[in-house]
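First the structure, in the form of structure tokens, and then the observations on it.
Side-chain atoms are counted along with the backbone in the values below, which use heavy atoms only and exclude waters and symmetry mates.
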Amino acid sequence: MDWDVLDAVSMVPGIIGGHLMAWRSDDFVYRVAVLSWGWCCLCSMLYHLKRCDQEYFKYDLRAQWVSLAFMVLVTPQSSWPIVLGGVLTDNYWARAALNGLSGLYFLWHLPVARAILAVSYVAYVGQYLTGQRWLHSVFHMLMHTAGAFAALNPVKKYTIGLNPVWAWPVFWTGARLLLPMKKIFQK
């Protein structure tokens with residue numbers, strides 16, 4: 001089995017789920033927040049479809065950070081760990097650790113989501129310890145589940161009075177800026 005294709009396909013629920021939640025909402029900030037998960041999923045799909053080429057990894061990490069930064073718009077959590085994860089370092093392991101801690105902090109007000117995210121990190125580390133590549137897809141699916149708990153939580157940090165239809169151009173502009181378009185379409 002081609003594990004990279006499975007890992008890429010396991011990002012589809014995040015894209016579809018974010019779009020479905022955005023269509024259900026009439027709030028601009030909420031729409032941008034749930035759609036931002038799509039940026040992360042698109043970059044992750046590309047990274048896996050390009051066979052985990054390190055050239056694409058920086059785009060994947062940047063999308064993770066930007067997505068977390070937008071998702072905190074609708075949660076009661078402070079965003080300082082997410083900001084630290086984005087600006088402190090370019091070192092792979094340090095950025096991965098800060099992204100992981102930021103994710104746990106992001107879901108701290110939701111015990112079930114926090115527990116699911118913690119289990120996803122166990123699957124992530126487990127793939128390296130056991131050599132079982134399918135655990136990375138499990139990691140993706142558990143992250144989608146934890147993110148859904150956050151997206152379905154009715155607590156919002158704030159909202160603004162923009163028409164929610166503007167969230168779609170924000171999403172596609174963000175996708176255009178985050179994805180390495182020149183590299184995607186190179187032969």
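- Under the 4.5 Å side-chain heavy-atom criterion for ILVMFWY residues, a single connected hydrophobic cluster contains both W168 and M21.
- Considering only heavy atoms from C-beta on, L6 stays 4.5 Å or farther from D2 through its side chain.
- Linking ILVMFWY side-chain heavy atoms closer than 4.5 Å, directly or via other members, places V170 and W172 in a single hydrophobic cluster.
- Residues satisfying the side chain to side chain contact (heavy atoms under 4.5 Å, CB included) criterion with L177, sequence neighbours excluded, are T173.
- Going from atom CE of M143 over to atom SG of C40 covers 6.0 Å, rounded to the nearest 0.5 Å.
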Pairs under 3.5 angstrom only: tabulate donor-acceptor contacts from the side chains of residues 25-35 to other protein residues two or more places apart or in another chain.
unit_1, atom_1, unit_2, atom_2, d
S25, OG, D27, N, 3.0
D27, OD1, T159, OG1, 2.0
D27, OD2, V29, N, 3.2
D27, OD2, Y30, N, 2.8
D27, OD2, T159, OG1, 3.2
Y30, OH, A151, O, 2.6
R31, NE, A22, O, 2.8
R31, NE, S25, O, 3.0
R31, NH1, P164, O, 3.1
R31, NH2, S25, O, 2.9

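- With sequence neighbours left out, C41 forms a side chain to side chain contact (heavy atoms under 4.5 Å, CB included) with M11, I15, W37, H144.
- In the hydrophobic clustering of ILVMFWY residues, with side-chain heavy atoms under 4.5 Å counting as a link, W39 and L49 come out apart.
- Partners of R24 under the side chain to side chain contact (heavy atoms under 4.5 Å, CB included) rule, at least two apart in sequence or in another chain, are L152.
- L117 is listed as a side-chain neighbour of S120, based on a closest heavy-atom distance under 4.5 Å.
- Within the structure, side chain to side chain donor-acceptor pair (under 3.5 Å) contacts touching residues 4-20 (residues at least two apart or in different chains) are D4-R133, D7-S137, S10-H140.
- Here the straight-line distance linking atom CG of L110 with atom CG of N153 works out to 4.5 Å at 0.5 Å rounding.
- Not counting sequence neighbours, the partners of T130 by the side chain to side chain contact (heavy atoms under 4.5 Å, CB included) test are Q132, L135.
- In this structure a side-chain-to-backbone donor-acceptor pair under 3.5 Å is missing from W134 to W3.
- Inter-residue side-chain proximity for F171 and S36 is flagged as unmet; no heavy-atom pair is nearer than 4.5 Å.
- In this structure the side chain of V5 never reaches within 4.5 angstrom of the side chain of M45, judged on heavy atoms.
- Under the 4.5 Å side-chain heavy-atom criterion for grouping Ile, Leu, Val, Met, Phe, Trp and Tyr, M141 is not connected to V112 through any hydrophobic cluster.
- Ring geometry for Y124 versus Y128: interplanar angle over 60°, hence perpendicular rather than tilted (30 to 60°).
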